[in-house]
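Letters go in sequence order (proteins before strands), and every chain restarts at 1.
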There are 2 protein chains.
Amino acid sequence: MKSDKISELTTNRMSIYLRCLNELADEGIRTVSSEKIAKRFHLNSAQIRKDLAYFGEFGVRGVGYYVEELRTHLRKILGLNKEHCVAIIGAGRLGTALTDYYGFSQTNFSVAALFDADQSKIGQKVGEVEIFDIKDFAEVAERDKIDVVVIAVPAEFAQSVLEQVTNAGIKAVMNFAPSPLKVDENVKLKTIDLTTSLESLSYFLAQPAAKNGRK
Amino acid sequence: MKSDKISELTTNRMSIYLRCLNELADEGIRTVSSEKIAKRFHLNSAQIRKDLAYFGEFGVRGVGYYVEELRTHLRKILGLNKEHCVAIIGAGRLGTALTDYYGFSQTNFSVAALFDADQSKIGQKVGEVEIFDIKDFAEVAERDKIDVVVIAVPAEFAQSVLEQVTNAGIKAVMNFAPSPLKVDENVKLKTIDLTTSLESLSYFLAQPAAKNGRK
DNA sequence: TGTATAATGTGAAAAAGTTCTCAAACCAAT
DNA sequence: ATTGGTTTGAGAACTTTTTCACATTATACA
Ligand SMILES: NC(=O)c1ccc[n+]([C@@H]2O[C@H](COP(=O)([O-])OP(=O)(O)OC[C@H]3O[C@@H](n4cnc5c(N)ncnc54)[C@H](O)[C@@H]3O)[C@@H](O)[C@H]2O)c1
Ligand SMILES: NC(=O)c1ccc[n+]([C@@H]2O[C@H](COP(=O)([O-])OP(=O)(O)OC[C@H]3O[C@@H](n4cnc5c(N)ncnc54)[C@H](O)[C@@H]3O)[C@@H](O)[C@H]2O)c1
């Protein structure tokens, strides 16, 4: 198949598939069918096959997929065969929670630097990670080979921070500020909006069909 | 129009529209057209009208929408005309960051309680919010009228926590653990998966089309 | 009152995404 | 080799979501 325009829904699922395969590999399972993956992880087998087929023919008919081999393919496809250096902008509550999280984690992402505008925070450290002045972003990012930025500043500053980091050449940004951001189309922006998620839950609770209420 | 099966994409956008209207109201703007909202917040005007039309006829032809009136409708639709009490399970780094965040916030959601399994944490407080033993969840949740739960425990415990809270009658759950959870269909589960989001960004960086690289 | 302008609400068309189905390919056993 | 059981990959069918296009309804003003 080998298509070129892959939807984000598909790439998100690729990440999920990788996680599933990691679990299978940990258990020493060598081959697995799309049907087995689907059953175990509550997914749809046709969708798994279709998603994978966008990227190549990884399976063997009558057999399924070789777990190790497919893992390698997925890691390659997702760009996880290289280390990514993450900078977090905003050394507040969320920023520091994320720093600890990714700093301690076993993934290909490591937090290389924190940035803030508050002079009293600059120079301090969160765990191993130093807090720099946001003014020095371009310089530090170049030196530390930052390729992913997480925005964790108050909403009103998010757009300006976004522009600062994209001007410095950053192409991938994850945003936690509840603010609709405008970005150049050659930059990938992913906004995680907790308010929207919570309000969507609230909508569900408000529906009569849901037959809510304790007991 | 007044349909009954509304997609989650639509409800998420309703939350966005409400945020936009709040901003307009703050500026003293009284009426606005779908086109104006779309231009300003980088949305699609036809989609705004279609989304709103699922719930009623809120606009006036030739005029647009009355900002205050539409806000009221949106808040009602999203179930934001009542307070929601949130419990966060897992008083770790993420759990405490979220507690502070929502505790300080101006929304209809307030964090009423934290729960943990670690005996050394139980009885302590994060800001104003007490940490309870997860064993006492049903009891405390009933007393404090908890209606939304946030799961912030390590992945391996997420499924069991989910079952505990749904057994206690909780119908809306937001999950941060990177774990595929199985849930009853009368419960709304929303998983926010940072690993998947980051890996999706990494995929984008790995694409040759993206012409990446600093400078 | 009539005409020009504005902007909604909604069917229809288009696009995107998911699921079904089955020929083709593989393995194991005879 | 041939048969039978499996499972992929991919076209077709179906579903959902988005966008288009415009008749309809409202306002303003002559
Ligand atoms: N805390 C949470 O759990 C949480 C959850 C979801 C979303 N968010 C969002 O994440 C963002 C941060 O939340 P928080 O609770 O960590 O806030 P916070 O106030 O604790 O931290 C924000 C930090 O950003 C810094 N900052 C401000 N302007 C800056 C700039 N121009 N450049 C660099 N740094 C700057 C501040 O000095 C501060 O240290 C907000 O937009 C919030 O809505 C927070
Ligand atoms: N820290 C982050 O920034 C971050 C970001 C995204 C996702 N996550 C996810 O959120 C979850 C929590 O992350 P964290 O960094 O806060 O971890 P953490 O280790 O700091 O905190 C986890 C807490 O959960 C408690 N816990 C364990 N089992 C429990 C149970 N059965 N019932 C109640 N409490 C229990 C632990 O005692 C601990 O206090 C993890 O699944 C993690 O993958 C964390």
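- The aromatic rings of A:F55 and B:Y203 sit perpendicular to each other, their planes meeting at more than 60°, with 30° as the lower class boundary.
- At whole-Å resolution of the value, CG in A:N12 and C1' in C:dT18 are 16 Å apart.
- Between the CD1 atom of A:I6 and the C1' atom of C:dA16 there is a distance of 13 Å, given to the nearest Å.
- Nearer to the 5' terminus of DNA chain C, by closest-nucleotide assignment, is the contact made by A:E8 (compared with the other of A:G62 and A:E8).
- The NZ atom of B:K50 sits 6 Å away from the C1' atom of C:dT10 (whole-angstrom rounding).
- Distance, B:I37 CD1 to C:dG9 P: 11 Å, rounded to whole Å.
- Checking the phosphate oxygens (OP1, OP2) of D:dG9, a side-chain nitrogen or oxygen of A:Y65 falls inside 4.0 Å.
- Under a cut-off of 6.0 angstrom, the local environment of CZ in B:F41 is crowded, with over 12 non-hydrogen atoms contributed by other residues, nucleotides or ligands.
- Classification of B:D100 and A:R93 as a salt-bridged pair fails, no side-chain N sitting under 4.0 Å from a carboxylate O.
- The CG-P distance, from A:N44 to C:dT18, rounds to 9 Å in whole Å.
- By the neighbour-count criterion of 12 heavy atoms within 6.0 Å, atom NZ of B:K82 is densely surrounded, having more than that number from other residues, nucleotides or ligands.
- For B:R61 against C:dT8, a side-chain-to-base donor-acceptor contact under 3.5 Å is present.
- Residue contacts for A:S7: at a heavy-atom cut-off of 4.0 Å it reaches the sugar-phosphate backbone alone, with no base atom in range.
- Between A:S34 and the phosphate of D:dT7, there is no side-chain N or O to OP1/OP2 separation shorter than 4.0 Å.
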- Take A:E23 and A:R19 through the salt bridge (charged side-chain N to carboxylate O under 4.0 Å, His left out) test and state the conclusion after the steps. CA-CA 6 Å; A:E23 201 173 315; A:R19 185 181 291 155; over 6 Å; no

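- For A:R49, no side-chain nitrogen or oxygen approaches OP1 or OP2 of C:dT19 to under 4.0 Å.
- You'll find that the side chain of A:A53 is closest to D:dG9, out of C:dT18, D:dG9, D:dT27.
- Note: CG (B:L9) to P (D:dT15) measures 18 Å, nearest angstrom.
- In this entry the distance linking CG of B:D51 with C1' of C:dT10 reads 13 Å, nearest Å.
- We find that NZ of B:K39 is positioned 13 Å from P of C:dA6, with the value rounded to whole Å.
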